Amino acid sequence: PEAARDVGFPAVLKPVVGSGAYGLRYIADLKGLRTSYEEVRRRCDEFLLQERLPGRGQAIGVSLLLLEDGSLLARFTHRRLREYPVTGGASTLRESIRFPLLEERALALLRALRWSGVAMVEFKQDMRDGEYKLMEVNPRFWGSLALAIRAGVNFPLLLANMALGKEQLPVVDYRVGVRSRWLPGDLLHHAARLFGGERAAAAPP
């Protein structure tokens, strides 16, 4: 309850370690928080309570690979076009883009954390003011990794060569407009939209 007073409602309750929408709960009020808290606590030890941004603002992922001294070795940015569940989950269709402002913010954040290795920094647009807000940092390879590779940024190869101490030129340019789709999830997205609406789509696959 104390955290909820700071975060406000609507809110999102989610595990610290998770995949897609697993264990995620949307909270409308204090009563819903108490119920969902007990459910989530049985599934995991650590979880987050975050503000839920209203509306369907654009979601952007900035993926980076940094050397130990903070130098940028690779960069890739994509936007989500569709996701499942439709109320918030894993992306099912995504597209490579450039977004210099968020790329600069993501790089500044990781450097402030003295980051080394790969990470994807996720932002979402707040439709109330148009600003992009930080959602989370994924300190691992991400589900849409194939899109980055297809667009020209081979993060696994770059990371492997980095671990082997091989010298490499930074990879910061890639093909924009490349799309990739997670077919099973995208079919579920369309089925939920067609037959069940958002309520049905909120249930994890």
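Since the model is a prediction, treat every value here as computed from it, not as a measurement.
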Interatomic spacing from [atom1] in [X] to [atom2] in [Y] - rounded to 0.5 Å:
{"X": "Ser96", "Y": "Arg79", "atom1": "OG", "atom2": "CZ", "value": "9.5 Å"}
{"X": "Lys133", "Y": "Leu53", "atom1": "NZ", "atom2": "CG", "value": "6.0 Å"}
{"X": "Leu102", "Y": "Thr77", "atom1": "CG", "atom2": "OG1", "value": "8.0 Å"}
{"X": "Ile149", "Y": "Leu157", "atom1": "CD1", "atom2": "CG", "value": "9.0 Å"}
{"X": "Asn154", "Y": "Phe76", "atom1": "CG", "atom2": "CZ", "value": "12.0 Å"}
{"X": "Lys166", "Y": "Asn161", "atom1": "NZ", "atom2": "CG", "value": "4.5 Å"}

*For the pair Leu159 and Phe141, evaluate side chain to side chain contact (heavy atoms under 4.5 Å, CB included) and give the outcome as yes or no after the intermediate values.*
CA-CA 11 Å; Leu159 182 61; Phe141 284 133; 3.8 Å; yes

Can you give me the closest heavy-atom contact between [X] and [Y], atom names plus distance?
{"X": "Val137", "Y": "Pro139", "result": "O-CD, 3.3 Å"}
{"X": "Ala119", "Y": "Leu110", "result": "CB-CD1, 4.0 Å"}
{"X": "Ile60", "Y": "Tyr132", "result": "CG1-CE2, 3.8 Å"}
{"X": "Gly152", "Y": "Val171", "result": "O-CG1, 3.8 Å"}
{"X": "Arg34", "Y": "Pro1", "result": "NH2-CG, 4.0 Å"}
{"X": "Arg179", "Y": "Leu147", "result": "C-CD1, 3.9 Å"}

Any donor-acceptor pair under 3.5 Å linking the side chain of [X] with the backbone of [Y]?
{"X": "Ser71", "Y": "Leu67", "result": "no"}
{"X": "Arg94", "Y": "His78", "result": "no"}
{"X": "Arg75", "Y": "Val172", "result": "yes"}
{"X": "Asn138", "Y": "Arg140", "result": "no"}

_Cation-pi check, Arg52 onto Tyr26 ring (under 6.0 Å, within 45° of axis)_ = yes

Test of understanding: clusters of I, L, V, M, F, W, Y form through side-chain heavy atoms closer than 4.5 Å, transitively. Do [X] and [Y] belong to the same one?
{"X": "Val62", "Y": "Leu65", "answer": "no"}
{"X": "Leu145", "Y": "Val176", "answer": "yes"}
{"X": "Val121", "Y": "Phe99", "answer": "yes"}

Is there a side-chain contact between [X] and [Y] in this structure, where contact means two heavy atoms from C-beta onward sitting under 4.5 Å apart?
{"X": "Arg111", "Y": "Leu107", "result": "yes"}
{"X": "Leu134", "Y": "Leu109", "result": "yes"}
{"X": "Leu93", "Y": "Ser180", "result": "no"}
{"X": "Leu49", "Y": "Asp6", "result": "no"}

*Determine, step by step, whether Phe123 and Gln58 satisfy the side chain to side chain contact (heavy atoms under 4.5 Å, CB included) criterion, reporting the C-alpha distance in whole Å, the side-chain angles of both residues, the deciding distance to 0.1 Å, and the verdict.*
CA-CA 8 Å; Phe123 300 90; Gln58 182 171 241; over 6 Å; no

*Distance-only side-chain donor-acceptor flag, Ser116 / Glu68, under 3.5 Å*: no

*Cut-off 3.5 Å, side chains only: do Lys14 and Gln50 have a donor facing an acceptor?*
yes

*For Glu38, check side chain to side chain contact (heavy atoms under 4.5 Å, CB included) against everything at least two apart and list the hits.*
Arg41, Arg42

*Could you walk me through whether Arg181 and Glu95 pass the salt bridge (Lys or Arg N to Asp or Glu O under 4.0 Å) test, one step at a time?*
CA-CA 9 Å; Arg181 176 164 56 171; Glu95 179 180 40; over 6 Å; no

*Test: Glu51 and Arg128 ion pair at under 4.0 Å*: yes

*Taking only residues two or more places apart in sequence, or in another chain, which ones meet Arg150 in a salt bridge (Lys or Arg N to Asp or Glu O under 4.0 Å)?*
none

*Stepwise side chain to side chain contact (heavy atoms under 4.5 Å, CB included) check, Leu66 with Leu73*: CA-CA 5 Å; Leu66 273 63; Leu73 183 57; over 6 Å; no

*asked:* Quick one, Leu72 with Leu64, criterion side chain to side chain contact (heavy atoms under 4.5 Å, CB included). Give me CA distance, side-chain angles, the key distance, then yes/no.
replied: CA-CA 7 Å; Leu72 179 63; Leu64 302 170; 3.9 Å; yes

_Are Phe47 and Tyr37, when compared by the centres of their aromatic rings, separated by less than 6.0 Å?_
yes

*Check: Phe155 ring centre within less than 6.0 Å of Trp142 ring centre*: yes

